[in-house]
There are 2 protein chains.
Amino acid sequence: MIFRIDPTAGVPLYEQLAAQVRVGISRGELTTGERLPAARDLADSLDVNVHTVLKAYQLLRDDGLVELRRGRGAVVAATATGDTAALHAAVRALADEAARLGTSPQTVISLLEEQLR
Amino acid sequence: MIFRIDPTAGVPLYEQLAAQVRVGISRGELTTGERLPAARDLADSLDVNVHTVLKAYQLLRDDGLVELRRGRGAVVAATATGDTAALHAAVRALADEAARLGTSPQTVISLLEEQLR
DNA sequence: CACTTGTTCTAGTAGCACTAGAACAACTAG
DNA sequence: CTAGTTGTTCTAGTGCTACTAGAACAAGTG
């Protein structure tokens, strides 16, 4: 899996990393048992501090998405169950509808957050 | 319109305010020409600094959602056009699907953000 | 004219994100 | 068993953002 971060995004780097793993798992690009890069390696290749990567991994552990063990690294714990196809279709449908109406991304996201609450 | 903020939410107060106005407009609870509370008043009732409220209003102005004029205050500029019913239905459909699969809110939001990019 | 309300400016405080380095503990592989 | 890997924990420092506070000002309202 390829990780990309944008230091100017305004979103914390560790949040960006965690988000990419969440999306990867949901899309099936990351499967149960698969190993994420060692924190030190990933930090090096992204030119970021180790602690930043570790914070992302710990967020994912708190969500139950990965397991962390010394010597073994970060391993994907939960793979998306059920048909994620419907979920992704719903995501696409919403994005399409928003584009059709010209609704700003921020508004759409706020509406979704409100609904998920 | 009733405004609520949560200082412990981790999200900036001015973002919370702006988000509520965006949602209100999209839902038709705020209509074109309607006036938002004066920044000083809203700041008082929320026990927040005036500058915080004004920052929210300025964000909304940058999005073209409200107009700001001295002496008159913040007025809703653009009302949602087209059938927002379909948009809100799509939002509900996505939230339902996520709940059915047990997908975390953060994952759903990340998926949507990715799709909106 | 008095009043309302956004605009702009200065200034200070608190917390978070990120970096840096080090020592340590658990696990893996040879 | 030994050496290497990798997460865990701790301390510490820097920079930026959010928020607060107070004041003077400008444009519009009634």
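In what follows, chains carry the letters A, B, and so on, assigned in the order in which the sequence lines appear, proteins first and then strands, with residues in each chain numbered from 1.
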side-chain contact (heavy atoms from CB on, under 4.5 Å) involving A/L54 - partner list, sequence neighbours excluded: A/A39, A/V50, A/Q58

Results of side-chain contact (heavy atoms from CB on, under 4.5 Å) for A/D41 - residues two or more places apart only: A/A38

Residue pair A/R61 / A/E67, side-chain heavy-atom distance below 4.5 Å: no

Segment of DNA chain C, first to last nucleotide, that comes within the 4.0 Å heavy-atom reach of chain B: C/dT4 to C/dC9

pair B/D83-A/L101: side-chain heavy atoms closer than 4.5 Å: yes

For B/R117, salt bridge (charged side-chain N to carboxylate O under 4.0 Å, His left out) partners two or more places apart: B/E114

Shortest non-hydrogen contact between A/Q16 and A/A9, atoms and distance: NE2-CB, 3.6 Å

Validation row: B/E113, A/I109 side chains within 4.5 angstrom (heavy atoms): yes

Phosphate-side-chain proximity, B/T52 and D/dT20, N/O vs OP1/OP2 below 4.0 Å: yes

Residues touching DNA chain C, which here means a heavy atom under 4.0 Å, drawn from residues 35-47 of chain B: B/R35, B/A38, B/A39, B/R40

Sugar-phosphate, base or nothing in reach of A/V48, heavy atoms under 4.0 Å: sugar-phosphate

Residues that B/E15 engages under salt bridge (charged side-chain N to carboxylate O under 4.0 Å, His left out), provided they are two or more places apart: none

Shortest non-hydrogen contact from A/R22 toward B/T107: CD-OG1, 3.3 Å

Nucleic acid contacts - residues 58-77 of chain B versus DNA chain C, non-hydrogen atoms under 4.0 Å: B/Q58, B/R61, B/L68, B/R69, B/R70, B/G71, B/G73, B/A74

Cluster companions of A/L59 among Ile, Leu, Val, Met, Phe, Trp, Tyr (side-chain spacing under 4.5 Å): A/Y14

ILVMFWY clustering at 4.5 Å (side-chain atoms), partners of A/V53: A/M1, A/F3, A/I5, A/L13, A/L17, A/V21, A/I25, A/L30, A/L36, A/L42, A/L46, A/V48, A/Y57, A/L60, A/L65, A/V66, A/L68, A/V76

Net bend of the helix from C/dC1-D/dG30 to C/dG30-D/dC1, end axes of five pairs each, nearest 10 degrees: 50°

Residues in contact with DNA chain C, drawn from residues 10-18 of chain A - heavy-atom cutoff 4.0 Å: A/P12, A/L13, A/Y14

Set of side-chain contact (heavy atoms from CB on, under 4.5 Å) partners for A/Q115, sequence neighbours left out: B/V91, B/R92, B/A95

Closest approach of B/S110 to A/V23 (non-hydrogen atoms, all atoms of both residues): CB-CG2, 3.7 Å

